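What you see is a predicted model; the values in this text were computed from it and never measured. All residue numbers refer to positions in the sequence shown, counting from 1.
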Amino acid sequence: MILSRSKTVISTCFSACLLAAAVQTAAGQDPQIARNTNDIAKAVPVNYTTEPVSGPAIAVPTSNMSRIGVQQSQPLPLSIDDAIRRALANNNTVEISRTDVRISETSLRSRLGIYDPVFSLSPNFSHSSTTGNAGTNDFRVSSSFSQFVKPGGGNYQVFFNNNRTENAFAQAQASSGSVSTGGNSAIYTSSAGVSFTQPLARNFNIDSKRQGIKIAKKQLQQSDTDFRLQATGTIAQVQRTYWDLVFALRDQQNQVANVNLAKENLRQIEAKIDAGAAAPLARAEVATELANREGSLLLSTEQVTVTENALKQLIIKDPLSPEWAQTIVPTDNPTFSSVSVSLDDAMKDAMENRFELQRLKLAREINDIDVSYFKNQVRPQIDLNTTFSLDGLSRSGLNAASTTNLYTSTGDLRLFNAINQIRALPGINLPLILNDTILIPASPNYLFGGFNRSFANMFRSDAPNYSIGVTISFPFRNRTAKANLEGAKITGERIAAQTRSQEQAVIVEVRNAVQAVETTRQRVLTARRARESAEIQLDGERKLYDAGRSTTFLLFQRENSLTNARNAEIRAETDYNKAVADLQRYTATSFRANNIQIDSPVIIK
């Protein structure tokens, strides 16, 4: 009778303890899911040793929940929006894509530089001498200003040249043989003008320079598209990793609660053994279950570390940053919507916004530029060449009148004297021929002077010179240009096939993503019902156990079922949020859905 009353009292105490443990376990699910696991471990110690009434002692080892390289005293609260913005600012893969855009912009500016005006200046001094003759000194200064013209593909050159020469041959060239000086006298020439070359057929509408610039602009847009695509992928990766971390932390909390229940069961069994109401062998069954649950807790702790490191890799820029040693504490709970996603709306967003399709569209536009260029290259080359210049000439020396005889050369004088001797012979007696003196008047004053005179002479009415001509060339058969054109057309066909293939891939991805959102939405509702049912079953099984109508094995099954149901619920909720993130990625609406404004690294015109 006394033993029966003792069992009744003990059973009542056990029931009260189990009820308190259940309340504590349920309360453990309500606070923020990102509690530090070491703090939980400290709040609920695992290490203890019991002594049975008889038989060897069963020691329960301590569960080591410490995390390598993480300081528990420095938590890092992080919302999903903060994680996304930190990743866009710090992620190294996004930074690589951002620098690719800047590199493409510098390539475009490099190609535009072909139209920059070019000024050139070439001063030159030369001394020429031959054996037996005095040396001559020549000085030349040539300057020009040239530039390619974008419309029409022509080019012009404005030039201004000055020359001083003592070389007789160069003097004859400069004056077209009209002026010759003796000794060291020099001739000065000045010339200013403009020349212009204009293609009339090939290279008129488009040439290699304009083709390269147009393609570089499209490639810059492609680089910007790739940057946005990478940013979208990074956002989705951050979202998925964030919700994986939320699940890992919640799973860890569930495992801690499950370990606590096993501990409480062990205490009850030990109390029963002490009271003689249970066999000592029952302790081994409970201790085995406790060890199994502690092993699951250790695995869940490891998964927290792995997932947290993956998230840190996405949002931390510097590999030596002190944030690697901090514990990330997610501050957002998984969201859930009972509204189904419209497939038509999702498909419309994807076709309008997918960056892969935009890139292929730019590739098609690049191919159109190539086709236009190679069509132009099939034409013959007909170039109009024009030049207009003002030329001035002057010479050094004194400008004075001079006299000379009609015959001055040695040969002329011998012949002249012989004729006069014959004319003076007896019998002929003709008057002698006179070697008349000839007066050579002074040259015009405007022909004498240095560079200042030659420069002034450029503006005389007889100074302008101009020329106009046409250069025509065409290769027979022109196989190179025709082959390039045919290759560009084939490339266009390939791009069209790639576009159709990508559109099909987009359709498949969007359809699968919408289905995944709907499936996970239903899973959340199902998991909630399963968790509620598991709670009811555990509560009933505990009452049966307290009444002696159930076994420890069945109670453990119910406890494990509840833990699995809770994990399934949080897994379904996080999977739902991950499915939504994937849908945002596949419809290219991540920026809009997360209220993010992405600015291009450069200004694209």
> Are the charged groups of D224 and R102 less than 4.0 angstrom apart, N to O?
Replying inline: no

>> Contact between Q515 and L343 at the side-chain level, heavy atoms closer than 4.5 Å - yes or no?
In response: no

> Is the NZ or CZ atom of R571 positioned over F247's six-membered ring, under 6.0 angstrom from the centre and within 45° of the axis?
Replying inline: yes

> Should E356 and R359 count as an ion pair when the cut-off is N to O under 4.0 Å?
Replying inline: no

> Using the ring of each side chain (for Trp, its six-membered ring), is F139 parallel, tilted or perpendicular to F125, with breaks at 30° and 60°?
Replying inline: tilted

> Between F196 and Y156, does the ring centroid distance fall short of 6.0 Å?
Replying inline: no

> What's the spacing between Q239 CD and T241 OG1 if we round to 0.5 Å?
Replying inline: 10.0 Å

> Between E509 and R354, is there a side-chain N and carboxylate O pair less than 4.0 Å apart?
Replying inline: yes

> Can you tell if the side chain of I369 reaches within under 4.5 Å of the side chain of K218, non-hydrogen atoms only?
Replying inline: yes

>> Checking side-chain polar atoms at under 3.5 Å, does T499 have a donor or acceptor matched by the opposite partner on E503?
In response: no

> With side chains defined as the heavy atoms from C-beta onward, is the minimum distance between V94 and F227 less than 4.5 Å?
Replying inline: yes

>> For D207, is there an ion pair with R210 - N to carboxylate O distance below 4.0 angstrom?
In response: yes

> Under a 4.5 Å cut-off applied to non-hydrogen side-chain atoms, are S454 and L393 in contact?
Replying inline: no

> Any salt bridge between E308 and K312, counting N to O under 4.0 Å?
Replying inline: yes

>> Taking K578 first and then D244, would you say they form a salt bridge - that is, a charged N and a carboxylate O separated by under 4.0 Å?
In response: yes

> Would you call R592 and D349 a salt bridge, taking side-chain N to carboxylate O under 4.0 Å as the test?
Replying inline: yes

> In terms of ring plane angle, is the pair F355 and F591 parallel, tilted or perpendicular, where the classes change at 30° and 60°?
Replying inline: tilted

>> With salt bridge (charged side-chain N to carboxylate O under 4.0 Å, His left out) as the criterion, how do R164 and D138 come out once you've worked through the C-alpha distance, each side chain's angles and the decisive distance to 0.1 Å?
In response: CA-CA 6 Å; R164 178 191 182 279; D138 293 346; 5.9 Å; no

>> Tell me whether E493 is salt-bridged to K489, with the criterion being a basic N under 4.0 Å from an acidic carboxylate O.
In response: no

> If every non-hydrogen atom of V378 is compared with every non-hydrogen atom of N478, which pair is closest and at what distance?
Replying inline: O-ND2, 3.2 Å

>> Quick one, V70 and T305 - any side-chain contact, counting heavy atoms below 4.5 Å?
In response: no

>> Applying side chain to side chain contact (heavy atoms under 4.5 Å, CB included) to W324 and Q313, what does each step give before you reach the verdict?
In response: CA-CA 9 Å; W324 283 97; Q313 184 180 12; 4.2 Å; yes

> Would you call R523-E569 a salt bridge at under 4.0 Å N-O?
Replying inline: no

>> Walk me through whether S340 and R521 qualify under side chain to side chain contact (heavy atoms under 4.5 Å, CB included).
In response: CA-CA 8 Å; S340 300; R521 188 179 70 85; 3.3 Å; yes

> Parallel under 30°, tilted from 30 to 60°, perpendicular over 60°: which one fits the rings of F451 and Y188?
Replying inline: perpendicular

> Where is the tightest heavy-atom contact between V101 and S223, given as atom of each residue plus distance?
Replying inline: CG2-O, 3.3 Å

> What distance separates F474 CZ from I382 CD1, expressed to the nearest 0.5 Å?
Replying inline: 9.0 Å

>> I'd like to know if the side chain of Q230 pairs up with that of T234 as donor and acceptor (distance under 3.5 Å, no hydrogens or angles considered).
In response: yes

